[in-house]
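By convention in this document, chain letters (A, B, ...) are assigned in the order of the sequence lines, proteins followed by strands, and residues within each chain are numbered from 1.
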Protein chains: 2
Amino acid sequence: MARTKDPDPEVRRRILDVSLDLFATKGFAATGVQEIVTKAGVTKGALYHYFKSKDEILFEIYGRVFGHELESLQRIVAEGHDPVRTLRTIIVDLVSHTAAITKESAVFARGGHADSPHWQAMQEQWRRYQEGFRQVIRDGQDAGVFSSKASPEVASWSVFGFTNSMHTWYRPEGRKSPADIGEELADLILTGLQS
Amino acid sequence: MARTKDPDPEVRRRILDVSLDLFATKGFAATGVQEIVTKAGVTKGALYHYFKSKDEILFEIYGRVFGHELESLQRIVAEGHDPVRTLRTIIVDLVSHTAAITKESAVFARGGHADSPHWQAMQEQWRRYQEGFRQVIRDGQDAGVFSSKASPEVASWSVFGFTNSMHTWYRPEGRKSPADIGEELADLILTGLQS
DNA sequence: ATAGGCATACCAACCGGTCGGCATTGACTT
DNA sequence: AAGTCAATGCCGACCGGTTGGTATGCCTAT
């Protein structure tokens with residue numbers, strides 16, 4: 001192993017940062033490779049040295065979105081609190097996490113690559129998160145603490161829809177912290193679920 | 001004025017239908033003009049006879065999204081019922097309308113063309129809809145029928161986030177009708193707003 | 001010497017869009 | 001009724017520019 005230059009200095013990082021910005025604002029397909037390298041101050045040779053394709057950059061961005069969120073949900077559930085407290089914690093956690101990765105969330109929201117295996121794996125993980133979330137609601141209904149009138153599906157989609165749209169309106173410099181916003185949403189939904 | 005052939009037979013319609021499908025599934029930028037005309041069974045000449053650009057097709061699709069929804073909201077408000085009934089009617093109406101234009105909604109959700117005047121006009125209309133919606137909540141809070149704890153912003157984004165995500169999960173062949181889903185969402189949100 | 005980081009030059013394919021032309025048509029003339 | 005003409009719907013070859021991706025080799029640190 002002969003080390004020649006910094007193997008992973010910050011070039012790779014800059015390419016990822018710039019790509020994230022462009023994908024989030026213009027969309028993946030509308031962003032050219034030339035545009036990425038120009039803005040990142042590198043050349044195409046560098047980009048294709050670190051990534052084997054433009055798609056691979058996208059997939060690495062995808063990876064950050066639901067990377068740790070599923071295990072975070074499972075950890076909260078494993079703590080074994082009552083459904084109200086469990087669901088509240090999950091919602092605050094989800095809102096906070098989404099606020100921290102607004103750009104990635106925007107890229108994910110635009111979708112695309114419906115046939116690629118990476119995208120499908122992503123969707124599968126997302127689907128499992130939804131399922132875990134809805135199970136908490138069902139547990140609460142079975143325990144009699146949530147009304148059976150509201151369906152877990154509608155309740156969950158109002159939460160996921162909320163977080164999926166955050167990238168269009170949430171600004172870090174705003175008055176409310178992500179945790180505040182999460183608490184407010186939890187108040188609204190939990191009050192709605194307990195009739 | 002010499003009339004020669006059907007001025008607007010169905011060719012134009014087919015181009016729009018196919019474009020809507022492709023834009024909704026692959027995205028605007030990722031869809032080629034060639035792809036549209038091939039799938040529509042027409043030629044590029046025909047397409048550029050009816051539309052002056054690929055963008056114009058997109059803008060015509062945009063036009064359907066919030067075309068009548070703003071005046072629908074204003075009409076409901078003008079009926080002057082109590083805030084609870086007003087908000088419920090608005091939510092059911094919004095959910096039903098969104099269910100009827102799932103594809104258009106998907107195209108709109110992907111966004112793009114952030115600088116084009118058409119897109120900005122669209123956003124402006126959408127912004128005014130949001131404002132009208134939130135005003136109903138504020139009126140309810142002033143009247144004391146809604147709790148002042150929940151912010152109109154969070155409440156509205158859970159509804160708009162819900163509708164904006166409908167295109168990812170709503171299927172017309174499903175068990176619940178759009179009106180049913182709308183009522184369920186209205187139950188959840190209205191219960192949450194009244195503490 | 002050697003091996004890897006990266007620049008440069010380059011490619012075929014495809015992009016959105018154009019343009020000259022042709023076939024079809026109804027209105028008008030005869 | 002037949003012929004002429006202009007307008008139109010539409011075709012498809014073609015355009016310059018851009019696309020994602022590659023081949024080659026310089027340069028530098030070991």
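Distance NZ (Lys54(A)) to P (dT22(D)): 14 Å, rounded to an integer number of Å. Following rounding to the nearest Å, His49(B) (NE2) and dA7(D) (C1') show an atom-to-atom distance of 11 Å. Across the protein-nucleic acid pair, Phe51(A) atom CZ and dG20(D) atom C1' stand 15 Å apart, rounded to whole Å. Atom C1' of nucleotide dG5(C) and atom CD1 of Ile15(A) are separated by 12 Å, given to the nearest angstrom. For Arg14(A) and dG5(C), the CZ to C1' distance is 14 Å, given to the nearest whole Å. Summarising the geometry, the separation between CD on Glu10(A) and P on dC6(C) is reported as 10 Å, rounded to the nearest angstrom.
Between Glu10(B) and Arg13(B) there is no salt bridge, since no side-chain N of the basic residue sits under 4.0 Å from a carboxylate O of the acidic one. Using a cutoff of 4.0 Å between basic side-chain nitrogens and carboxylate oxygens, Arg12(B) and Glu60(B) are scored as salt-bridged. Salt bridge status for Glu131(A) with Arg138(A): present, with a side-chain N to carboxylate O gap under 4.0 Å. Between Glu184(B) and Lys176(B) there is a salt bridge, since a side-chain N of the basic residue sits under 4.0 Å from a carboxylate O of the acidic one.
Applying a 4.0 Å cut-off to non-hydrogen atoms, none of the residues of residues 20-36 of chain B approaches DNA chain D. The stretch residues 39-48 of chain B touches DNA chain D through Thr43(B), Gly45(B), Ala46(B), each having a heavy atom under 4.0 angstrom from the strand.
Hydrophobic clustering (ILVMFWY, side-chain heavy atoms < 4.5 Å, transitive): Ile76(B) and Val84(B) are in one cluster.
Taking the six-membered ring for Trp and the full ring otherwise, Trp126(A) and Tyr62(A) have centroids separated by 6.0 Å or more.
Lys54(B) forms a cation-pi arrangement with Phe28(B), by the criterion of a distance under 6.0 Å to the ring centre and an angle within 45° of the ring axis.
Environment of NE2 in His68(B): sparse, with no more than 12 heavy atoms of neighbouring residues, nucleotides or ligands closer than 6.0 Å.
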